[in-house]
Amino acid sequence: MEILNDGGKKSVQKAPRNGMSTGGKILIAATGGVGIGLSIVCASFVAPAFRKICLPYVPATTEQIQNVLSFLPKNATGKLLDIGSGDGRIVFAAAQHTKGLKTDGVELNPWLVYYSRLAALRHGATRQASFYRRDLWKFNIKDYNFVVIFGVEQMMKDLEHKLIAECPHNTKIIACRFRLPNLEPERTIEDGVNTVWFYDLNNQTQRQVLGNS
């Protein structure tokens, strides 16, 4: 904009700059990118809360792991499945405890599955330990001789039906935190929040036969 001064000379007044500096734009872009990244990661942990049955990520304690291992014979063979395997600590502990056992984990959270797979690579356990990102209710469990459950109370009844319908008749089930509502445990380790229930489907079948005779 041109302005005449007292001497009749023209002076030029610069218009104010409304644009943002390059540094400011980079800062905003970086902050937005971090925010989106955090939202994507957090969504995997928050999403279970919107499901019919919420299975939150709660890492197993050292006491819980030891209680689970007490029901696994060191000479056991076959396959073990950890339902809701989280960061894979039960799978790795079982693999180390029982060398002849193929140990698998099924988990819906992709970041926990990726973490578990990387941990398996780091520990050289990829041949014995595997991790699957699957919906539990659609995952085939018919080949497992041992099943470990870290569930919530709301899911135990439906899960009990799935175990009875799909597992081999001699499958051993180890339930942590919450027991199965109808099956009778063979043994129980009473340890507060670390309590573990041990079930043998073979004995459950025999009881049903005797009860119906």
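Quantities reported herein were computed from a predicted structural model and do not represent experimental measurements. FYI, side chains are in, hydrogens and waters are out, and symmetry mates aren't considered; it's all heavy atoms of this structure.
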message = Quick one, I149 and L159 - any side-chain contact, counting heavy atoms below 4.5 Å?
response = yes

ask   = Can you tell if the side chain of V68 reaches within under 4.5 Å of the side chain of I90, non-hydrogen atoms only?
value = yes

query = Taking atom OG of S70 and atom CD1 of I65, what is their separation to the nearest 0.5 Å?
reply = 12.5 Å

key: Residues I141, K162; criterion side-chain contact (heavy atoms from CB on, under 4.5 Å); working and verdict   = CA-CA 9 Å; I141 61 175; K162 180 177 176 68; 3.9 Å; yes

message = Among F150, F198, W197, exactly one meets side-chain contact (heavy atoms from CB on, under 4.5 Å) together with I174. Which residue is that?
response = F198

query = Any side-chain heavy-atom pair from L163 and T171 closer than 4.5 angstrom?
reply = no

request  = Give the cluster check for F131 versus L80: same hydrophobic cluster or not, with ILVMFWY residues linked at side-chain heavy-atom distances below 4.5 Å.
outcome  = no

note = Nearest heavy-atom approach of V91 to D82 is CG2-CB, 3.8 Å

inquiry  = Just so I know, are the side chains of V148 and I173 near enough to count as touching, which here means a heavy-atom distance under 4.5 Å?
reply    = no

request  = Could you check F146 against L101 for side-chain contact (heavy atoms from CB on, under 4.5 Å), going step by step and ending with a plain yes or no?
outcome  = CA-CA 9 Å; F146 295 88; L101 203 61; 4.0 Å; yes

request  = State, yes or no, whether a side-chain contact exists between K79 and D143 at a heavy-atom distance under 4.5 Å.
outcome  = yes

Closest non-hydrogen atom pair, A94 against L72 = CB-CD1, 3.9 Å

request  = Quick one: closest heavy-atom pair of M156 and G151, and the distance?
outcome  = SD-CA, 4.4 Å

key: side-chain contact (heavy atoms from CB on, under 4.5 Å) between D191 and N67, worked out   = CA-CA 9 Å; D191 192 13; N67 290 342; 3.3 Å; yes

Pairwise distance CD1(I189) to CD(Q64) - rounded to 0.5 angstrom = 11.5 Å

ask   = Under 4.5 Å between side-chain heavy atoms, hopping through other hydrophobics if needed: is there a path connecting V152 to V106?
value = yes

request  = Mind checking the CD-CG spacing from Q128 to D104? Nearest 0.5 Å is all I need.
outcome  = 10.0 Å

Same apolar cluster: W111 and V113, side chain cutoff 4.5 Å = no

query = Counting only heavy atoms not in R127, do more than 12 sit closer than 6.0 Å to its CZ atom?
reply = no

query = Do the non-hydrogen side-chain atoms of W137 and M155 ever get within less than 4.5 Å of each other?
reply = yes

query = Nearest heavy-atom pair of A60 and R89: which atoms, and what distance?
reply = O-NH1, 3.1 Å

ask   = So, do E107 and R133 sit near enough that their side-chain heavy atoms are less than 4.5 Å apart?
value = no

inquiry  = To check you understand the geometry: which heavy-atom pair defines the closest contact between K157 and P181, and what is its length?
reply    = CA-CG, 3.8 Å

remark   = Here the pair of heavy atoms bringing S116 nearest to G86 is OG-O, 3.2 Å

inquiry  = Rounded to the nearest 0.5 Å, what separates atom NZ in K172 from atom CG in N202?
reply    = 6.5 Å

query = Quick one: do F178 and L136 end up in the same hydrophobic cluster if we chain Ile, Leu, Val, Met, Phe, Trp and Tyr together by side-chain heavy atoms under 4.5 Å apart?
reply = yes

side-chain contact (heavy atoms from CB on, under 4.5 Å) between L201 and H169, worked out = CA-CA 6 Å; L201 285 187; H169 71 277; 5.7 Å; no

query = What distance separates T98 OG1 from N75 CG, expressed to the nearest 0.5 Å?
reply = 8.0 Å

query = With hydrophobic residues grouped by side-chain heavy-atom distances under 4.5 Å, do V196 and F92 end up in a single group?
reply = no

query = Can you list the steps and then say if K102 with T77 is a side-chain hydrogen bond (donor to acceptor under 3.5 Å, both in side chains)?
reply = CA-CA 8 Å; K102 174 69 172 68; T77 58; over 6 Å; no

task = Report yes if the side chains of R187 and F71 come closer than 4.5 Å at any heavy-atom pair, otherwise no.
result = yes

Pairwise distance CG(N140) to CZ(R134) - rounded to 0.5 angstrom = 11.0 Å

